[in-house]
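Note that this is a predicted model, so its numbers are computed, not measured. Chain letters run A, B, ... following the sequence lines, proteins first and then strands; every chain starts at 1.
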Amino acid sequence: KAGVTQTPRYLIKTRGQQVTLSCSPISGHRSVSWYQQTPGQGLQFLFEYFSETQRNKGNFPGRFSGRQFSNSRSEMNVSTLELGDSALYLCASSRGSTDTEAFFGQGTRLTVV
Amino acid sequence: GQQVMQIPQYQHVQEGEDFTTYCNSSTTLSNIQWYKQRPGGHPVFLIQLVKSGEVKKQKRLTFQFGEAKKNSSLHITATQTTDVGTYFCAGLWTPLVFGKGTRLSVIA
(Lines give C-alpha, C1' and ligand atoms only; values in the text may rest on other atoms or scores of the structure.)
Protein backbone atom coordinates (compact mmCIF):
# COMPACT_ATOMS: atom_id res chain seq x y z
CA LYS A 1 0.00 0.00 0.00
CA ALA A 2 1.08 3.58 -0.55
CA GLY A 3 3.00 5.18 2.28
CA VAL A 4 2.69 8.62 3.80
CA THR A 5 3.24 11.33 1.22
CA GLN A 6 4.50 14.77 2.08
CA THR A 7 4.72 17.67 -0.32
CA PRO A 8 6.76 19.54 -1.14
CA ARG A 9 10.01 17.78 -0.24
CA TYR A 10 12.04 20.97 -0.13
CA LEU A 11 11.16 24.62 0.40
CA ILE A 12 13.13 27.81 0.66
CA LYS A 13 11.30 30.77 2.12
CA THR A 14 12.18 34.26 3.26
CA ARG A 15 11.71 35.53 6.79
CA GLY A 16 8.22 36.90 7.30
CA GLN A 17 6.61 34.74 4.65
CA GLN A 18 4.18 31.96 5.37
CA VAL A 19 4.26 28.37 4.22
CA THR A 20 1.82 25.47 3.91
CA LEU A 21 2.94 21.87 4.03
CA SER A 22 0.81 18.93 3.01
CA CYS A 23 0.55 15.34 4.23
CA SER A 24 -1.45 12.47 2.78
CA PRO A 25 -1.67 9.59 5.26
CA ILE A 26 -1.88 5.90 4.56
CA SER A 27 -5.34 4.90 3.42
CA GLY A 28 -7.48 4.03 6.43
CA HIS A 29 -5.36 5.96 8.90
CA ARG A 30 -7.34 8.61 10.73
CA SER A 31 -4.61 10.10 12.91
CA VAL A 32 -2.03 12.50 11.55
CA SER A 33 0.72 13.98 13.69
CA TRP A 34 3.28 16.60 12.81
CA TYR A 35 6.81 16.83 14.18
CA GLN A 36 9.62 19.31 13.80
CA GLN A 37 13.09 17.83 13.65
CA THR A 38 16.22 19.92 14.14
CA PRO A 39 19.79 18.75 14.84
CA GLY A 40 20.21 17.90 18.49
CA GLN A 41 16.53 18.43 19.37
CA GLY A 42 15.09 15.18 18.17
CA LEU A 43 11.47 15.06 17.15
CA GLN A 44 9.39 17.79 18.71
CA PHE A 45 5.65 17.28 18.62
CA LEU A 46 3.61 20.00 16.94
CA PHE A 47 0.03 18.69 16.85
CA GLU A 48 -2.12 15.68 16.17
CA TYR A 49 -5.37 15.47 14.27
CA PHE A 50 -7.89 12.68 14.43
CA SER A 51 -11.04 12.69 12.34
CA GLU A 52 -10.64 16.38 11.50
CA THR A 53 -10.26 17.42 15.15
CA GLN A 54 -7.09 18.59 16.80
CA ARG A 55 -6.59 16.08 19.58
CA ASN A 56 -3.26 17.24 20.97
CA LYS A 57 -1.03 20.25 20.61
CA GLY A 58 2.64 20.68 21.41
CA ASN A 59 4.39 23.66 22.88
CA PHE A 60 4.80 25.76 19.75
CA PRO A 61 3.72 29.38 19.15
CA GLY A 62 0.44 30.21 17.50
CA ARG A 63 2.25 30.85 14.22
CA PHE A 64 2.10 27.10 13.76
CA SER A 65 -1.32 25.79 12.85
CA GLY A 66 -2.82 22.84 11.12
CA ARG A 67 -5.96 21.20 9.93
CA GLN A 68 -7.26 17.89 8.72
CA PHE A 69 -9.73 17.28 5.96
CA SER A 70 -12.50 14.71 5.72
CA ASN A 71 -10.26 12.42 3.64
CA SER A 72 -7.68 12.53 6.50
CA ARG A 73 -5.22 14.58 4.50
CA SER A 74 -3.60 17.22 6.65
CA GLU A 75 -1.91 20.55 6.19
CA MET A 76 0.23 22.58 8.49
CA ASN A 77 0.83 26.27 8.14
CA VAL A 78 3.57 28.44 9.53
CA SER A 79 3.06 32.19 9.35
CA THR A 80 5.60 34.96 9.75
CA LEU A 81 8.53 32.63 9.26
CA GLU A 82 11.63 33.01 11.38
CA LEU A 83 15.14 31.73 10.75
CA GLY A 84 14.69 29.29 13.61
CA ASP A 85 11.83 27.60 11.80
CA SER A 86 14.32 26.00 9.43
CA ALA A 87 13.89 22.28 10.03
CA LEU A 88 12.69 18.98 8.70
CA TYR A 89 8.93 18.73 9.20
CA LEU A 90 7.72 15.18 9.48
CA CYS A 91 4.21 13.92 9.26
CA ALA A 92 3.21 10.57 10.74
CA SER A 93 -0.02 8.66 10.33
CA SER A 94 -1.52 5.89 12.38
CA ARG A 95 -4.87 4.18 12.71
CA GLY A 96 -5.24 6.28 15.80
CA SER A 97 -7.10 4.08 18.20
CA THR A 98 -5.35 1.17 19.89
CA ASP A 99 -3.00 0.66 16.93
CA THR A 100 -0.51 3.47 17.45
CA GLU A 101 2.44 2.47 15.28
CA ALA A 102 3.42 5.64 13.45
CA PHE A 103 4.29 5.64 9.78
CA PHE A 104 6.37 8.63 8.78
CA GLY A 105 6.57 10.46 5.50
CA GLN A 106 9.85 11.52 3.95
CA GLY A 107 9.44 14.98 5.40
CA THR A 108 9.57 18.52 4.07
CA ARG A 109 12.90 20.28 4.44
CA LEU A 110 12.14 23.95 5.10
CA THR A 111 14.90 26.51 4.89
CA VAL A 112 14.18 30.07 5.96
CA VAL A 113 16.62 32.69 4.70
CA GLY B 1 4.93 17.68 30.51
CA GLN B 2 5.79 14.14 29.67
CA GLN B 3 9.26 13.53 28.37
CA VAL B 4 11.66 10.71 27.75
CA MET B 5 15.40 11.01 28.20
CA GLN B 6 17.73 9.01 26.03
CA ILE B 7 21.42 8.26 26.55
CA PRO B 8 23.96 8.35 25.16
CA GLN B 9 23.43 11.06 22.58
CA TYR B 10 26.19 9.66 20.36
CA GLN B 11 27.94 6.31 20.18
CA HIS B 12 30.84 5.34 17.95
CA VAL B 13 31.67 1.64 17.78
CA GLN B 14 33.91 -0.63 15.80
CA GLU B 15 32.06 -3.04 13.57
CA GLY B 16 31.41 -6.19 15.56
CA GLU B 17 31.14 -4.43 18.93
CA ASP B 18 27.90 -4.29 20.87
CA PHE B 19 25.78 -1.18 21.33
CA THR B 20 23.17 -0.19 23.89
CA THR B 21 20.92 2.86 24.16
CA TYR B 22 18.78 3.65 27.20
CA CYS B 23 15.50 5.44 27.54
CA ASN B 24 14.07 6.80 30.80
CA SER B 25 10.79 8.41 31.70
CA SER B 26 9.82 10.29 34.85
CA THR B 27 6.34 8.80 34.69
CA THR B 28 4.97 5.36 33.98
CA LEU B 29 4.57 4.54 30.32
CA SER B 30 1.60 2.66 28.93
CA ASN B 31 3.88 1.43 26.23
CA ILE B 32 7.11 2.36 24.51
CA GLN B 33 8.06 2.25 20.88
CA TRP B 34 11.43 2.25 19.16
CA TYR B 35 12.24 3.79 15.80
CA LYS B 36 15.30 3.93 13.60
CA GLN B 37 16.17 6.80 11.31
CA ARG B 38 18.89 6.26 8.73
CA PRO B 39 20.94 9.30 7.68
CA GLY B 40 18.84 11.39 5.32
CA GLY B 41 15.79 9.24 5.96
CA HIS B 42 12.69 9.25 8.10
CA PRO B 43 11.97 7.34 11.31
CA VAL B 44 10.87 3.77 10.79
CA PHE B 45 9.03 1.76 13.43
CA LEU B 46 11.00 -1.10 14.95
CA ILE B 47 8.96 -2.45 17.83
CA GLN B 48 6.45 -1.74 20.58
CA LEU B 49 6.75 -2.96 24.17
CA VAL B 50 3.69 -3.06 26.37
CA LYS B 51 4.18 -5.39 29.32
CA SER B 52 6.27 -4.79 32.41
CA GLY B 53 9.60 -6.61 32.09
CA GLU B 54 8.95 -7.49 28.47
CA VAL B 55 11.89 -8.58 26.33
CA LYS B 56 11.66 -8.87 22.57
CA LYS B 57 14.27 -9.84 20.03
CA GLN B 58 14.66 -9.06 16.37
CA LYS B 59 17.71 -10.87 15.03
CA ARG B 60 20.65 -8.99 16.62
CA LEU B 61 18.40 -6.42 18.35
CA THR B 62 17.10 -6.96 21.88
CA PHE B 63 14.52 -4.64 23.38
CA GLN B 64 13.64 -4.51 27.07
CA PHE B 65 10.93 -2.74 29.03
CA GLY B 66 11.62 -2.11 32.69
CA GLU B 67 9.64 -3.70 35.49
CA ALA B 68 8.31 -0.32 36.56
CA LYS B 69 7.54 0.63 32.95
CA LYS B 70 9.64 3.76 33.28
CA ASN B 71 12.68 2.70 31.30
CA SER B 72 13.65 0.74 28.26
CA SER B 73 16.76 -0.30 26.40
CA LEU B 74 17.80 -1.38 22.95
CA HIS B 75 20.85 -3.60 22.61
CA ILE B 76 22.49 -4.48 19.31
CA THR B 77 24.87 -7.44 19.26
CA ALA B 78 27.85 -7.41 16.89
CA THR B 79 27.04 -4.17 15.10
CA GLN B 80 27.23 -3.94 11.35
CA THR B 81 27.55 -0.90 9.08
CA THR B 82 23.88 -1.31 8.20
CA ASP B 83 23.03 -0.45 11.84
CA VAL B 84 24.17 3.15 11.34
CA GLY B 85 21.49 5.69 12.15
CA THR B 86 19.67 7.36 15.01
CA TYR B 87 17.59 5.25 17.35
CA PHE B 88 14.63 6.89 19.04
CA CYS B 89 12.42 5.70 21.82
CA ALA B 90 8.93 7.10 22.07
CA GLY B 91 6.55 6.99 24.99
CA LEU B 92 2.86 6.77 24.26
CA TRP B 93 0.91 9.39 26.09
CA THR B 94 -1.22 10.25 23.06
CA PRO B 95 0.59 11.53 21.19
CA LEU B 96 3.91 9.79 20.92
CA VAL B 97 6.63 11.71 22.74
CA PHE B 98 10.07 11.03 21.36
CA GLY B 99 13.42 11.08 23.06
CA LYS B 100 16.23 13.00 21.38
CA GLY B 101 17.72 9.80 20.03
CA THR B 102 21.07 8.08 20.05
CA ARG B 103 23.15 8.45 16.92
CA LEU B 104 25.12 5.31 16.18
CA SER B 105 28.23 5.36 14.01
CA VAL B 106 29.86 2.09 13.04
CA ILE B 107 33.48 2.09 11.96
CA ALA B 108 34.31 -0.71 9.56
Report task. Look up atom CD in B/Q11 and atom CD in B/E17, then write down how far apart they are to the nearest 0.5 Å. Result -> 8.5 Å
Query raised in the report: Given a strict heavy-atom distance threshold of 4.5 Å, which part of A/L43 is in contact with chain B: side chain, backbone, both, or neither?
Result: both
Requested in this report: With a 4.5 angstrom heavy-atom cut-off, could you sort out which part of A/Q44 is near chain B: side chain, backbone, both or neither?
Outcome: neither
Query raised in the report: Stepwise, does the side-chain hydrogen bond (donor to acceptor under 3.5 Å, both in side chains) test hold for A/Q106 with A/Q6?
Result: CA-CA 7 Å; A/Q106 301 276 18; A/Q6 288 189 246; over 6 Å; no
Query raised in the report: Looking at A/S33, A/A102, A/G107, which makes the most heavy-atom pairs under 4.5 Å with chain B?
Result: A/A102
Requested in this report: Flag the pair A/Y35 / B/F98 as yes when their ring centroid distance falls below 6.0 Å, and as no otherwise.
Outcome: yes
Report task. May I ask you to name which of A/A92, A/G42, A/G58 has the most heavy-atom pairs under 4.5 Å with chain B? Result -> A/G42
Query raised in the report: Measuring heavy-atom distances to chain A, does B/Q37 have an atom under 4.5 Å in its side chain, in its backbone, in both, or in neither?
Result: side chain
Query raised in the report: Does A/Y10 have A/R109 sitting over its ring (NZ/CZ under 6.0 Å from centre, angle to axis within 45°)?
Result: no
Query raised in the report: Just checking, any donor-acceptor pair under 3.5 angstrom between side chains of B/H75 and B/T62?
Result: no
